[in-house]
Amino acid sequence: MTDQPKEGRTGGSAAGSGAAGAPGAAVAERPVKPAFLPSDIDPTVFDEGFLRQLERLLLIMKRPVRGGLKGGRRSVKRGQSVEFADFRDYSLGDDLRLLDWNVLARLEKLFIKLYVEEEDVTIHFLLDASASMAAGSPPKLLFAKRAAAALGYIGLASEDRVAVTALATRAGRRHVALRGSGRVFRLLSALSAIDTADGPTDLVASVRHAAAQLSGRGVIVLLSDLLDPAADKVIRELAATGSELIVLHVLSPDELNPSIEGDVRLVDVETGDGLDVTVDLATLDDYKARLAGWQEAFADLAARRGATYVPISTDLPLAELIFAELRRRRVVG
């Protein structure tokens, strides 16, 4: 849907705090803690209670994976764990502790017990930081960063590796993969540092660069408004990497249900191109119909490619997104 108008950039602010002392008293200033991913809607969403709830979840993968370190994922390999997988004949040199003595007593044959190997995987978050992501209230990019933070913490808590890439230039910037729930503040800091780019963004080129840096098969979470003429190609190429793809399609309420009317000029925030239109009820009805068809086309493409497509409005509370919408769609569980 190439004629979908892009909204103008909106500004954001981070709150700071100061120290005040009693009159006539000398008080040492306390270091100001950084404000991670501020939200006027829910400023306490990343408090301890919310994080404890996230720790009970796991990003669901449809297929066994081959990871690198011991973790909490079902692997394609066989190894040692508590979950039985199969038997095989004993071979010279096998660990005698894995012999099934009950089978030996019944059949007088030596069999080795195989168990499901559990390994970690890498969850790659690809955040669209093009200029159009600055629109909305809250801005689409801020909403995407907060969603990535919550899902990223789920990955860290389950001993998966978590990596973040900002898709703002032809060569998206990738941060070092993190592992372990103790790295949550590094994750939040990396996400907070992402800002929208000025001018046009080649989403396909930046996605290709990010995909070339992927190691092994894991999970790719794309967070984008998909306001790019080649957005369908982005989904196809990410799905072709062999990783499980989750597309979180982030749009603002004004994009989903515009409240404008009369004669207006729509300006593309990336190219500066303008379009004069007269908005009436028929125009709005046509817009909504084409928007629904646009989203449906993405959903069909994702289904054919074995990916998960989730349309999201930025006014959806984060807790509802994680614990209701993404659970319903079997993204987390």
Between the CG atom in L127 and the CG atom in L167, the distance rounded to the nearest 0.5 Å is 7.5 Å
inquiry  = Is it the case that the side chain of S243 and the backbone of G218 share a donor-acceptor pair, with hydrogens and angles ignored and the cut-off at 3.5 Å?
reply    = yes
*Does CD belonging to E261 count more than 12 external heavy atoms closer than 6.0 Å?*
no
Taken to the nearest 0.5 Å, the spacing of I154 CD1 from S181 OG works out to 13.0 Å
query = Looking only at atom types and distance, does a side-chain atom of S206 sit under 3.5 Å from a main-chain N or O of D202, one as donor and one as acceptor?
reply = yes
Check whether the side chains of D280 and T283 place a donor and an acceptor atom closer than 3.5 Å, and report yes or no. yes
Exercise. Take atom CZ in R330; do more than 12 heavy atoms of anything else shown fall under 6.0 Å from it?
Worked result: no
| message | Working note: D254 + S252, criterion side-chain hydrogen bond (donor to acceptor under 3.5 Å, both in side chains); need CA distance, chi angles, decisive distance, verdict. | response | CA-CA 5 Å; D254 286 339; S252 70; 5.3 Å; no
Test side chain to side chain contact (heavy atoms under 4.5 Å, CB included), reference L226, set V234, V247, V250, output is V247
* Can you label the angle between the Y309 ring and the F298 ring as parallel, tilted or perpendicular, going by 30° and 60°? => tilted
- prompt: Taking C-beta and beyond as the side chain, do L59 and D160 meet within less than 4.5 Å on heavy atoms?
  reply: no
Heavy atoms of L178 and R183 approach each other most closely as CD1-O, 3.8 Å
Output yes when a side-chain donor or acceptor of K145 lies under 3.5 Å from a complementary backbone atom of I194, and no otherwise.
yes
For D225 and H249 the tightest heavy-atom approach is O-NE2, 2.8 Å
Task: Backbone of E255 reached by a side-chain donor or acceptor of Y287 within 3.5 Å - done: yes
*Check the pair L291 / L251 against side-chain contact (heavy atoms from CB on, under 4.5 Å), numbers first and verdict last.*
CA-CA 11 Å; L291 174 63; L251 294 173; 4.2 Å; yes
Look only at the side chain of E270 and the backbone of T201, and say whether a donor-acceptor pair between them is shorter than 3.5 Å. yes
In this structure, CZ of R146 is separated from CG of L151 (nearest 0.5 Å) by 12.5 Å
* Asked: Is the CZ atom of R236 crowded by more than 12 outside heavy atoms at less than 6.0 Å?
  -> yes
Short side-chain donor-acceptor distance under 3.5 Å, D128 and S130: yes
